[in-house]
Amino acid sequence: MTNNTFDIVQHYNSLIEGDTNISAPVAAVGSLVKLIEKQRATTMLEFTMIVRTACEKLKEATNNSISLSAGCDVFMQQLARTSHAQSVDECREMLIKAGSEFVQGAGKCRDNVAEFGSPFVRDDQTILIHSYSRVIMGLLRRAVKQNKRFRVYITESRPDQSGLRAAAELQELGIPCEVVLDAAIGYIMEKVDMVLVGAEGVVESGGLINKIGTYQIAIIAKTAKKPFYALAESFKFVRLYPLSQYDLPTYRSDLLSFKEKPGTTIDWQTELLRNNPMLDYTPPEYITLLFTDLGVMTPSGVSDELIKFYLD
Amino acid sequence: MSDNKSTISVPDIPQAGGATAGDSKENPHTAPQTADSAAAKKEKEERRRLKEAELKLKGIDIGSKKPQMTKAERRALQEKQRAAKQPKQGKQQQSSGVGAGVGASVGSGAGVGASVGAGVGAGTGAGSSSGGRDSRDQRQEANGQQHVATAHGKDAKINMDNRVVLDDKRMHLYLHLDLPQHPPTSASALFYGYPLDNNDTAAAEHGTGDVGLFVAGIKNAAFPPGPQVVVGMPKEDYVAAEAKEPVTVKGVSPSGVPVVAKLRDAIPPFSSEPGHRTIVKPTGNLLGISIHPRIKEVGLRMAAMEIASSNARTIAALNAFIDFINDYNTPSDTVLNRNLTWHLSAQLNFLVYQRPMCIGMGNAIRWLKNEIAKTSASIQDGEAKIKLTSAIHDYIKERITAAGDVIAEAGAQKIQDGDVVLTYGASSTVQRLLIAARDMGRRFRVVVIDSRPENDGRKLVRELVEAGFSDLSSGAAPSDTPYDSPTHDIRSSGRGRSTVNNGITYAPITALSFIMREASKVFLGAEAFFANGSMLSRSGTAIVALAARSYHVPVIVSCETYKFSERIQLDAVVNNELGFPDTLMYKAGIPDAEPVGPQSDPALSEMEYSAYARDRYSAHPRWNNRSALANSSAIESSTTSAASALKKGKSARSVAPVETTRETKTLKHLNTQCSLSNWRSDRSLRLVNITQDVTPPEFVSVIITEVGMIPTTSIPVVLREYKNQI
């Protein structure tokens with residue numbers, strides 16, 4: 001294969017490390033663009049094959065394959081659209097152009113989400129957010145700029161405690177915030193006016209794949225009749241239709257499976273971190289609205305957009 | 001009076017006649033008068049003769065050459081219309097009307113004989129017999145004709161965006177439920193699956209606009225005072241019992257013909273009265289179009305439920321249309337894209353008359369009509385035929401067969417090791433999906449839920465057993481370490497932890513709440529999806545979906561997109577298809593035996609194989625007439641005897657004693673076999689065999705289609721996005 005000289009996984013990782021603001025699908029598309037710039041396939045079939053294997057490689061190599069696979073899907077779809085091109089070179093050119101535009105436009109996506117979503121933040125509101133999400137930060141930043149005064153509860157978000165990072169950033173912006181235990185969501189929900197969460201991926205049902213704990217927040221929010229808003233750029237829409245928590249591509253049957261553990265004493269602390277899922281799935285019936293760069297939509301609107309995108 | 005100028009529908013004579021004959025026996029309210037009983041007798045005799053002709057037809061390819069309407073036929077029709085136009089439409093008039101019609105035919109019988117379908121004329125004896133046959137033939141044509149209106153009514157409805165079939169009775173209910181209101185734009189047939197449209201634009205287009213439909217079951221208020229209304233005739237004694245004078249509406253049809261309509265008040269739902277049957281009158285316009293033998297074959301097989309599933313019916317109909325198109329020639333004075341549609345409609349009417357179309361089939365036919373209309377007028381017949389044929393082949397492949405493959409494969413991915421998959425009835429797509437999953441090496445258990453009266457889940461069980469599902473030893477070797485075993489896989493909401501990896505469980509629908517606990521996924525088939533996401537499927541499906549919902553089990557429905565409908569049906573009552581009520585009867589003392597019905601009972605099976613759909617249970621509500629069974633079995637048996645007598649060269653009259661014996665025997669047989677067998681004579685007892693129900697969208701977790709997995713909310717999106725491709 002001609003792409004032997006180019007390690008796409010390495011490139012992807014360097015992109016992720018190099019820019020803390022870049023999200024996985026964007027990095028994936030960026031890497032794929034780099035790949036097709038370097039390789040010299042002569043037939044359409046070979047070209048498609050190379051891209052496909054690269055996608056597989058990327059998905060295998062990274063643990064967060066859901067949002068990454070959304071990026072790969074976007075790219076493959078773009079490829080399918082350009083495959084009617086006259087020659088491989090022409091197709092490559094078109095793809096590079098489209099891919100680069102996508103990468104450049106990605107930052108704009110986040111701004112658009114903030115623009116569509118910020119009117120939902122009003123003065124004197126209490127907002128609950130979960131984990132750390134760049135797109136939520138963008139929205140809150142914009143709300144602050146609009147001189148809105150509000151308070152934010154942030155979940156600690158075990159196991160990586162990403163909530164603490166979010167709290168630090170919000171503190172800098174001058175937003176009053178408190179970090180709550182993941183176990184205290186039920187306790188705090190009554191005081192909350194709305195819930196904002198980000199997304200790893202938005203699936204075809206209109207449901208959400210996100211950091212573990214999102215699902216339970218959604219359930220409690222629904223019980224307490226609080227609006228539950230999800231924020232996602234449209235490149236996170238992914239062609240998946242999970243039927244349950246265990247129907248995700250990241251599912252590993254060995255997690256929490258009552259395996260016999262070797263050794264007499266178990267270090268439950270490490271076992272806990274090793275043996276737990278990182279993502280969960282929130283079904284569409286728990287989601288009030290989704291703020292996307294395409295506009296504010298209901299969960300069923302996501303499916304609409306996906307069908308439109310993958311139709312032709 | 002010209003043929004297309006009749007103002008009142010002629011009642012469906014054989015049906016009305018059958019009822020009449022029965023009533024004169026059983027109904028004390030209508031004591032038989034001399035003239036009446038004479039007419040009834042005459043009618044009966046006529047039917048007998050018709051049966052003879054039919055039996056002859058059975059052996060032969062039916063009506064490969066349909067005659068154009070002859071003078072005699074036309075005269076007979078006029079007679080019939082005149083009879084129906086009598087100011088008082090009492091039973092007596094009707095019956096004598098029939099008599100007159102028959103008489104006319106009989107008189108001219110000899111002259112007509114030659115023009116009757118191939119093979120029928122050969123070896124017929126008396127002129128009167130051939131006359132009877134002829135009039136039957138003509139009526140057959142007439143009936144085919146009647147359904148022009150029905151078919152077009154249906155089409156017109158589909159074409160109009162999201163029109164909701166409602167009558168005002170339902171409206172009240174919806175208001176109460178605070179559901180979105182829709183204007184009662186159209187009256188609907190409550191039963192027999194005939195949604196009707198008064199603004200029958202398509203029919204008007206084809207010059208048949210003076211044929212509209214009216215169905216009992218609609219209140220006047222909901223009935224727009226449109227001019228295209230023509231009367232259907234509810235059963236007289238029913239109307240008398242209701243003591244309601246019909247309201248007469250006068251108007252002018254689009255083709256300028258004055259029309260008189262009579263509106264009856266609502267008939268309670270689930271009545272088995274024949275009055276529910278839409279009865280329309282024939283017009284002259286399309287009478288000359290013969291039904292292609294392949295269409296006849298397919299239609300009759302549909303009516304006999306030999307071709308029953310939605311997919312099978314659609315494929316069979318499309319294939320038959322290929323043959324029809326190939327045998328079609330455009331007359332010199334017209335063009336294909338106009339004339340063929342016209343001819344196609346006549347074929348379609350025949351099919352619809354045999355059994356109401358399912359939604360998928362309706363969509364396919366609509367597509368075909370559109371294809372024909374798109375055909376350029378400048379190309380030759382041959383070229384057009386090749387184009388259309390290949391287009392139909394492509395449609396079958398893309399939308400049905402290949403779509404089914406894609407669905408099976410995608411659906412199989414959703415089955416994981418250790419799952420307990422519950423299904424209901426026998427859906428071909430679900431069957432393929434399960435077998436595909438097994439072929440992929442998945443280890444799972446299947447629960448087949450079944451229900452009376454069809455019990456077609458047994459068919460699925462049989463197929464799965466043949467596919468190796470019952471083989472417990474293969475695939476899943478019981479693991480020594482239970483914690484490692486995939487059966488202890490925690491996915492699927494923690495359910496599905498069956499100790500048996502393979503195997504099938506068969507359970508009645510009454511066991512549903514018990515067995516749903518074990519299920520981890522529910523797979524269902526669908527007959528159609530409506531634009532609001534609700535699902536039309538075999539009756540009982542809604543219950544299964546509801547149970548699944550309440551046990552938090554995902555419901556996965558496999559459905560090809562050609563079954564998506566732009567209509568909305570809010571519940572199963574606004575439009576449904578009634579099954580043969582007698583299938584609800586079980587043999588006495590044997591609770592789970594085969595139902596007494598045409599399938600199992602020799603006496604009834606005789607009826608089933610009538611060449612004419614109206615004499616068979618599935619196509620015709622005559623079987624809902626409580627007096628029809630006895631009446632018809634008598635006719636049937638007499639026909640059989642008459643046929644055998646004819647073979648021996650005897651006169652048909654000589655079999656009369658045999659008839660009585662056979663009739664008594666049949667009834668006796670039925671009475672000993674089934675405790676419900678004389679339900680028809682009990683006025684307060686009704687057997688309702690409703691065949692479809694509507695499942696609300698929120699009970700369906702995902703629809704697996706050939707365009708991907710979609711939520712029910714995305715049906716309109718698919719309809720919109722694929723509009724150009726459909």
Side-chain angles (χ1 to χ4, degrees), chain A residues 73 76-77 80 202-208 215 219 237-262 275-277 279-287 289-290 294 297-312, chain B residues 410-411 413-419 421 480-497 520-523 532-533 548-549 552-557 561 697-698 700-705 707-725:
Chain A
D73 284 352
M76 287 305 289
Q77 179 66 15
V202 180
V203 296
E204 277 183 291
S205 60
L208 202 64
Y215 182 33
I219 293 173
F237 292 1
V238 49
R239 289 210 92 181
L240 276 177
Y241 204 118
L243 294 169
S244 69
Q245 301 299 331
Y246 319 109
D247 197 19
L248 300 177
T250 50
Y251 172 73
R252 283 160 51 205
S253 58
D254 60 320
L255 291 180
L256 300 172
S257 61
F258 301 103
K259 268 200 163 71
E260 271 184 85
K261 282 114 189 157
N275 199 23
N276 266 281
L279 296 173
D280 64 17
Y281 165 63
T282 307
E285 56 261 39
Y286 295 103
I287 300 166
L289 288 172
L290 289 127
L294 306 171
M297 53 178 72
T298 57
S300 60
V302 174
S303 171
D304 193 330
E305 292 298 330
L306 273 166
I307 290 171
K308 271 196 278 184
F309 182 75
Y310 287 103
L311 180 72
D312 37 37
Chain B
Q413 303 285 349
K414 285 286 171 202
I415 298 180
Q416 287 141 339
D417 283 348
D419 264 341
V421 171
D480 292 335
T481 50
Y483 292 126
D484 261 345
S485 160
T487 56
H488 276 266
D489 199 320
I490 57 153
R491 70 182 72 189
S492 312
S493 321
R495 282 194 208 86
R497 279 173 288 169
S520 59
K521 267 154 203 161
V522 173
F523 280 83
N532 64 345
R549 178 73 178 182
H552 202 70
V553 181
V555 176
I556 301 138
V557 180
T561 54
E698 58 269 24
V700 176
S701 316
V702 58
I703 311 166
I704 302 181
T705 72
V707 298
M709 299 193 200
I710 59 167
T712 49
T713 47
S714 287
I715 303 267
V717 181
V718 172
L719 286 170
R720 161 164 52 83
E721 295 297 322
Y722 284 79
K723 202 155 204 167
N724 302 328
Q725 292 172 44

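We name chains A, B, ... by the order of the sequence lines, and we start the count at 1 in each one. Since the structure is predicted, the reported quantities are computational estimates derived from the model, not experimental observations.
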Practice item. Run the numbers on B:V555 and B:R549 for side-chain contact (heavy atoms from CB on, under 4.5 Å), then give the verdict. Key: CA-CA 8 Å; B:V555 176; B:R549 178 73 178 182; 5.9 Å; no

Check your understanding: What distance do A:T298 atom OG1 and A:L290 atom CG have between them, rounded to the nearest 0.5 Å?
Key -> 8.0 Å

Point to revise | B:V707 versus chain A, the contacting section by heavy-atom distance below 4.5 Å | key: backbone

Exercise for review: Please state whether the side chain, the backbone, both or neither of A:Q245 comes within less than 4.5 Å of a heavy atom of chain B.
Suggested key: neither

Point to revise | Cationic N near anionic O, under 4.0 Å, B:R720 to A:D304 | key: yes

Check your understanding: Most heavy-atom pairs under 4.5 angstrom with chain B, which of A:P299, A:S205, A:G301?
Key -> A:S205

**Study point:** chain B contact via A:P242 - which portion, at a heavy-atom distance below 4.5 Å
**Key:** backbone

Practice item. Using the side-chain contact (heavy atoms from CB on, under 4.5 Å) rule, take B:T705 and B:I710 through it: C-alpha gap first, then chi angles, then the decisive distance, then the call. Key: CA-CA 7 Å; B:T705 72; B:I710 59 167; 4.2 Å; yes

